[in-house]
Amino acid sequence: MEIAQLVLGGRRTASLEGKTFEVIEPAMDRPFYEVAEADVEDVDNAVQLAYQTFEQGSWSRLSATARGRVLLKAATLIRERLEQLAVLEARNAGKPIRDARDEVGLAANVFEYWGGAANKIFGETIPVQDAGLEVTLREPVGVCALITPWNFPLVIASWKIAPALACGNTVVVKPAQLTPLTTLALADILMEAGLPEGVISVLPGPGAKVGNALVSHPLVAKVSFTGSTEVGSNIMRLCADNITRVSLELGGKAANIVFDDADVQRCINASVYAVFGNCGQDCCARSRILVQRSIYEQFTEQFAARTALLRVGQPLDEQSEVGPLISAGQRRRAQDYLALGQREGARVVAGGAVPPDAGGGYFLQPAVLAGVDNGMRVAQEEIFGPVVCIIPFESEEEAIRLANDTPYGLSGSVWTQNLGRALRVAKAVRAGVLSVNSNHSVHTEAPFGGYKRSGFGREMGMHAAQLYTEVKSIFFSEE
Ligand code: NAD
């Protein structure tokens, strides 16, 4: 089996102890790569190197335009290797190949955006009362620890690495242990694009050990984490010890609010993908569909029928729309929630079975739960699998109340032809990212992040520059 070594300062190398672990192909339930497993000493090495490189200035003091050029070159290289990266991502994360291609394209867009943005991150002049000139500088924060989950490995790594590098930081990346391959490949691409040595390290390994050591390291200036709310909360606690800057993108339980004046057919076609895309393993998954009572039965029937048409299949099959879950454990979790929902009084109106031709893969037919009350655990907890809850509401006020009645606040959608209502509801929903008459709420150019227990800080768009820069204020006296 091929061995993927870790990346230390841009160079591929074995871990200090020489340990490796197996990466599984979830559609097959079989290992297809061996990956170097980092340990606490590797973390210390990588952070020390990132710190020295930052201080020495080969990247942090390079002109912003020159930094941008490296990122633009990386975008070109990602596009040139799109198919190769897409196949790697599809096999490792179990994604349909068509989705994997889109995601690699998105990663290229993100590097292109930040390549162009690098020399447009600047401070201000401020009219103060004292005689002189007050200016602010936007400076890189230093070593950034970037920790990513397994559901969108390359995309989320790009959301963090591109702005952190554009701002002049050095980075140590900890990809999810289940899906480290495309992040390792991305580091190679960045080196080929001209990133100086020492600027990037990628350390695969267990979160509790490698992630913990990274977050706790005193030379790490900033932690950017995407993952579960539980781990995010632990990370925030660890960051408190060293006053390390932290931003958190965590879980979600998004509401998809459908009023009786919506274009129901368009809504249903979009909404099946809004929840079952990536097999439901998406922090933005619209996993609670709130439907106005007058169209509830008709909507539920049509939604269930449309769900049954989704093509569940092998990631490399061009026809597949839904692949396997990431692991046997993740599938069991979804199945347990389906059983719980039924005990709570909901009914399964589509899916929920393991397809007969699943082989060893962790496949599950996308499932629709009807008759759900928003107070049920299936409606309150993030399932992170192909399960949707359809919940009735009577009025606009009730829709808003139900949408907000969850600990999370990441994303959501509103479907209505009434512009005033769309605006009122969008303003009232406590979530960071919303869409109206669309399921698209993630855009390279626009801020992305959560309210409440979905975390804080905004990635993407120019807002992300705030995560990776310090503001310095300097006063020049006229006297
Ligand atoms: P996870 O929290 O288990 O792991 C995320 C990352 O943190 C992994 O790299 C993991 O190895 C690492 N980690 C685990 N324990 C750690 C520790 N103690 N210290 C430091 N690092 C540690 O999440 P997951 O299962 O990989 O991903 C699924 C979760 O991520 C879901 O809850 C989902 O909603 C969330 N998510 C959120 C967003 C968003 O942008 N809001 C995007 C994708 C996924």
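Just follow the structure's listing: the first ligand is 1, and inside any ligand the first atom is 1.
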Novice: If you count only heavy atoms, which residues are under 4.0 Å from ligand 1?
Specialist: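 Only I147, T148, P149, W150, N151, I156, K174, P175, A176, G207, A208, G211, N212, F225, T226, G227, S228, V231, I235, E249, L250, G251, C283, E382, F384, L410, F448 have heavy atoms that fall under 4.0 Å of ligand 1, ordered by chain and number.
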Novice: Determine whether the aromatic ring centres of W159 and F448 lie less than 6.0 Å apart.
Specialist: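 Under 6.0 Å, so yes.
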Novice: What's the spacing between R81 CZ and L88 CG if we round to 0.5 Å?
Specialist: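 It is 13.0 Å, given to the nearest 0.5 Å.
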Novice: Show every salt bridge (charged side-chain N to carboxylate O under 4.0 Å, His left out) that has at least one partner inside residues 369-378, sequence neighbours left out.
Specialist: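 Found R377-E381.
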Novice: Identify each donor-acceptor pair in which a side-chain atom of residues 358-371 lies under 3.5 Å from a protein atom, sequence neighbours left out, and give them as a table.
Specialist:
unit_1 : atom_1 : unit_2 : atom_2 : d
Y362   : OH     : D29    : OD1    : 2.5

Novice: Got a donor-acceptor contact below 3.5 angstrom from the Q281 side chain to the N278 backbone?
Specialist: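 Yes; judged by distance alone, with no hydrogens or angles, the pair exists.
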Novice: Taking only residues two or more places apart in sequence, or in another chain, which ones meet E230 in a side chain to side chain contact (heavy atoms under 4.5 Å, CB included)?
Specialist: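 E230 satisfies side chain to side chain contact (heavy atoms under 4.5 Å, CB included) with S228 only.
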